Amino acid sequence: MLKYIFIISAMIILLSRFNHFQPTLIIATFGTLGMTIGFTLQGTIANFTAGILLKIFKPFKIKEFISLDKLSGTVLNIDLFYTVIQTMDGKLAVIPNNKVLLGEIINYTRSPIRRNEIFIKISYYKDTQFIIDILQKVLDNEDRVIKNKDTLIGLNELSPYYLKFVIRCWSKTEELQSVYWDLMFSFKKALDKHNIQIPYIPNNNLHIIKK
């Protein structure tokens, strides 16, 4: 860098010996050029620095499932300037590392177990405890649910049209989605067996007709 500064300074001194040469014009031109290059490289340098920090602190690794603000997916590549993740619907997202580092990072893979939260709405029923017992029996029969971890089944909401129950249970991270779908199917099957209905919520729309 010092070598180039010396060469430019020598050129300005040499050219200044000519009568019609204006060194201030050249200095202003180089100054403007330097500022332009600086602003252009600002984002690149920030992404490069963020990439190094991601490599050092490793908040996530390749093949881990993460969430970056509103974007979730599996990490495919961690470059020095950008990170590539594949969303659940197969899209590839290329995210500048500076944006990754400054945003909220949630790593789902690092935790060996995770909690499912399921909401069930049913029509009003006189025996709420009976409903809880049915849901609890389904949980007890699911081997992938961790039995010695906090499990909760409770009445979550009293709506004018339905009772809303919440079920919280833990399972291995790699089994989380399959446990969710299988429990939903089993809950519906168990409720149908006892003729407990899913509520019909009326949709009341007011239409004003002008004549």
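Computed over heavy atoms, backbone and side chain alike; hydrogens, waters and symmetry mates excluded. Everything numeric in this text was worked out from a predicted model, so none of it was measured. Residue numbers run from 1 in the order of the sequence given.
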(message) Tell me the closest heavy-atom pair linking Ile198 and Lys121, and the distance in Å.
(response) CD1-O, 3.4 Å
(request) Give a yes or no answer on whether the side chain of Asn77 reaches the backbone of Thr83 with a donor-acceptor pair at less than 3.5 Å. (result) no
(message) Strictly below 4.0 Å, N to O, side chains only: are Lys137 and Asp133 in salt-bridge contact?
(response) no
(request) Using a 4.5 Å cut-off on heavy atoms from C-beta on, say whether the side chain of Val100 contacts that of Ile105. (result) yes
(message) Using modelled atom types and a 3.5 Å cut-off, is there a donor and acceptor pairing between side-chain atoms of Asn97 and backbone atoms of Phe48?
(response) no
(request) Check the surroundings of atom CD in Glu157: do more than 12 heavy atoms from other residues, nucleotides or ligands lie under 6.0 Å from it? (result) yes
(request) For the pair Leu183 and Cys169, evaluate side chain to side chain contact (heavy atoms under 4.5 Å, CB included) and give the outcome as yes or no after the intermediate values. (result) CA-CA 10 Å; Leu183 282 177; Cys169 59; 3.8 Å; yes
(request) Taking all heavy atoms of Asp192 and all of Lys188, pick out the closest pair and write down the distance. (result) OD2-NZ, 2.5 Å
(request) Return the minimal non-hydrogen interatomic distance between Tyr180 and Glu117, and the atom names on each side. (result) CE1-O, 4.1 Å
(request) Could you tell me whether the side chain of Ser111 and the main chain of Ile113 form a donor-acceptor pair under 3.5 Å? (result) no
(request) Identify the two heavy atoms, one from Asn107 and one from Glu64, that lie closest to each other, and give their separation to 0.1 Å. (result) ND2-OE1, 2.7 Å
(request) Give a yes or no on whether the backbone of Ile78 and the side-chain of Lys55 come within a donor-acceptor separation of less than 3.5 Å. (result) yes
(request) Step through the shown structure and confirm whether more than 12 heavy atoms of other residues, nucleotides or ligands are within 6.0 Å of OH on Tyr124. (result) yes
(message) How close do Asn116 and Leu176 get, counting heavy atoms only, and between which atoms?
(response) ND2-O, 3.0 Å
(message) Students often mix this up, so state it plainly: with edges at 30° and 60°, are the rings of Phe130 and His194 parallel, tilted or perpendicular?
(response) perpendicular
(request) Flag yes if Ile167 and Leu152 sit in one hydrophobic cluster, no otherwise; membership is Ile, Leu, Val, Met, Phe, Trp, Tyr, and two members link when side-chain heavy atoms are under 4.5 Å apart. (result) no
(message) If you count heavy atoms of other groups shown closer than 6.0 angstrom to NZ of Lys61, is the number above 12?
(response) no
(request) Verify, without hydrogens or angle tests, whether Thr87 (side chain) and Lys91 (backbone) share a donor-acceptor contact under 3.5 angstrom. (result) yes
(message) Tell me every residue that passes side chain to side chain contact (heavy atoms under 4.5 Å, CB included) with Arg144, counting only those two or more places apart in sequence or in another chain.
(response) Glu142, Glu175, Ser178, Val179, Asp182
(request) Under the side chain to side chain donor-acceptor pair (under 3.5 Å) rule, collect the residues that match up with Glu174, sequence neighbours excluded. (result) none
(request) Please say whether more than 12 non-hydrogen atoms of neighbouring residues, nucleotides or ligands are located less than 6.0 Å from OH in Tyr82. (result) no
(request) Measure from NZ or CZ of Lys164 to the centre of the six-membered ring of Phe119, then state whether that distance is under 6.0 Å and the direction lies within 45° of the axis. (result) yes
(request) Take Tyr108 and Ile66 through the test side chain to side chain contact (heavy atoms under 4.5 Å, CB included) and record every step on the way to the result. (result) CA-CA 6 Å; Tyr108 296 101; Ile66 64 172; 5.6 Å; no
List, one per line, each side-chain donor-acceptor pair under 3.5 Å for residues 69-76, sequence neighbours excluded.
unit_1, atom_1, unit_2, atom_2, d
Asp69, OD1, Glu104, N, 3.2
Ser72, OG, Ser67, OG, 3.3

(message) For the residue pair Asn141 / Ser186, report whether a side-chain donor-acceptor contact shorter than 3.5 Å exists.
(response) no
